[in-house]
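Shown next, in structure tokens, is the structure this report addresses.
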Amino acid sequence: RMEQTLITDQDNALVFAEPSAQARAYFTALAAHVVEALMSAGFPACPGGYMATRWCDPMSTWRERFLDWVHEPTGPALLDAATFFDGRRAAGALDLSPIDDVVVAARGQDAFLALLANEALRFTPPIGAFGHLRDARHLDIKRHGLTPIVGLARVLSIAAGARVPSTTERLAAAARAGLLSDDGAVTLGEAYRFLLSLRLRAQLEA
């Protein structure tokens, strides 16, 4: 989403065009080389395994995978979809429209969107009585603050058919599509930027 802060692990994948044994061998080796280089540069491996050493396939496989996530949205499929639907090109000139088209078409899949929204709501803030945080001293800003906004923006942008990368752009696109009020988009955008600044400040102090 182009929202990376100082401390982050890796999230990457590799898509190649030719589904041949030679192509797979080449790109598998390339993926291992790049992931290892990123680790040596200070970007640790993704604990969830979302790296090109695991996710390295031809376009035809990726397209079928995206379709399966949308039409059979199980728990793991929703997590994978939420991760890869945020993807953007880092390098190369391969035409990505086969998988982009699947994401755009997902706007008509109500069951998928509802389940994706429920997944985002799993990380709501720990609110206690009278609307106060139960323990403000130990609040996970990413999990309980940023993640719900990111998840909401993702669902709304898919429902609006908008292929924009950042959370604030997605909120604006949802407002333009009439899926979110203008005030709601502004408020959520301000909250997101504020929480992101708190997280960045904590990382700088560390």
Side-chain angles (χ1 to χ4, degrees), residues 1-106 116 119-120 123 140-143 146-147 150-151 153-154 157-158 162-170 196 199-206:
R1 295 185 305 276
M2 302 180 73
E3 297 166 352
Q4 180 174 302
T5 54
L6 295 178
I7 302 171
T8 182
D9 58 7
Q10 294 188 46
D11 282 306
N12 49 58
L14 200 152
V15 188
F16 56 92
E18 184 183 358
S20 67
Q22 183 179 9
R24 179 173 292 281
Y26 173 82
F27 286 112
T28 298
L30 175 64
H33 174 74
V34 172
V35 167
E36 183 178 345
L38 286 169
M39 291 175 65
S40 69
F43 294 94
C46 174
Y50 290 105
M51 298 180 296
T53 43
R54 175 185 173 193
W55 300 89
C56 177
D57 290 294
M59 174 59 75
S60 56
T61 299
W62 277 104
R63 182 178 181 277
E64 289 302 316
R65 183 176 286 146
F66 271 49
L67 287 169
D68 288 344
W69 291 336
V70 171
H71 295 291
E72 298 181 21
T74 61
L78 290 170
L79 179 59
D80 292 342
T83 300
F84 286 107
F85 280 22
D86 283 357
R88 63 181 177 87
R89 182 194 303 277
L94 181 66
D95 179 15
L96 299 180
S97 60
I99 53 177
D100 283 339
D101 291 346
V102 175
V103 180
V104 172
L116 199 61
E119 187 71 14
F123 303 102
D140 187 328
I141 292 176
K142 179 180 179 182
R143 179 177 292 270
L146 293 168
T147 296
V150 169
R154 179 186 298 116
S157 69
I158 294 173
R163 291 293 285 150
V164 289
S166 75
T167 297
T168 52
E169 287 178 311
R170 289 172 170 180
L196 195 63
R199 187 166 186 249
L200 181 58
R201 189 182 309 162
Q203 291 184 355
L204 287 168
E205 290 174 353

- Message: What's the separation between atom OG in Ser20 and atom OH in Tyr26, rounded to the nearest 0.5 Å?
- Response: 12.5 Å
- Item | Within-4.5 Å side-chain heavy-atom neighbours: Val34 and Asn12 | no
- Arg170 (side chain) donor-acceptor with Val164 (main chain) under 3.5 angstrom: yes
- Item | Sub-4.5 Å side-chain heavy-atom contact between Trp62 and Val102 | no
- Query: Is the shortest heavy-atom distance from the side chain of Val35 to the side chain of Arg54 under 4.5 Å?
  - Reply: no
- Item | Gln10 side chain vs Leu38 backbone, donor-acceptor pair below 3.5 Å | no
- Query: When you measure from the side chain of Thr53 to the backbone N and O of Ala31, does any donor-acceptor pair fall under 3.5 Å?
  - Reply: no
- More than 12 non-hydrogen atoms from neighbouring residues, nucleotides or ligands closer than 6.0 Å to CD on Gln203, yes or no? yes
- Is the closest side-chain heavy-atom distance between Trp69 and Leu116 below 4.5 Å? no
- Message: Checking the side chain of Ser40 only, and the main-chain atoms of Ala37 only, is there a donor and an acceptor separated by less than 3.5 Å?
- Response: yes
- Considering residues, nucleotides and ligands other than Arg63, do more than 12 of their heavy atoms fall under 6.0 Å from its CZ? no
- Going from OG1 on Thr168 to CZ on Arg1, what distance comes out if it is rounded to the nearest 0.5 angstrom? 11.0 Å
- Task: Look only at the side chain of Arg154 and the backbone of Ala82, and say whether a donor-acceptor pair between them is shorter than 3.5 Å.
- Result: yes
- Please list all pairs passing the salt bridge (Lys or Arg N to Asp or Glu O under 4.0 Å) test where one or both residues lie in residues 9-34, with sequence neighbours left out. Arg24-Asp57
- Does atom NE2 of His71 have more than 12 heavy-atom neighbours from other groups under 6.0 Å away? yes
- Please indicate whether Arg143 has more than 12 foreign heavy atoms, meaning atoms of other residues, nucleotides or ligands, lying under 6.0 Å from its CZ. no
- Atom CG of Leu200 and atom CD of Glu205: how far apart are they, to the nearest 0.5 Å? 10.0 Å
- Task: List the steps, then state whether side-chain contact (heavy atoms from CB on, under 4.5 Å) holds for Thr83 with Trp55.
- Result: CA-CA 12 Å; Thr83 300; Trp55 300 89; over 6 Å; no
- Message: Side chains of Leu30 and Phe16, heavy atoms from C-beta outward: is any pair under 4.5 Å?
- Response: no
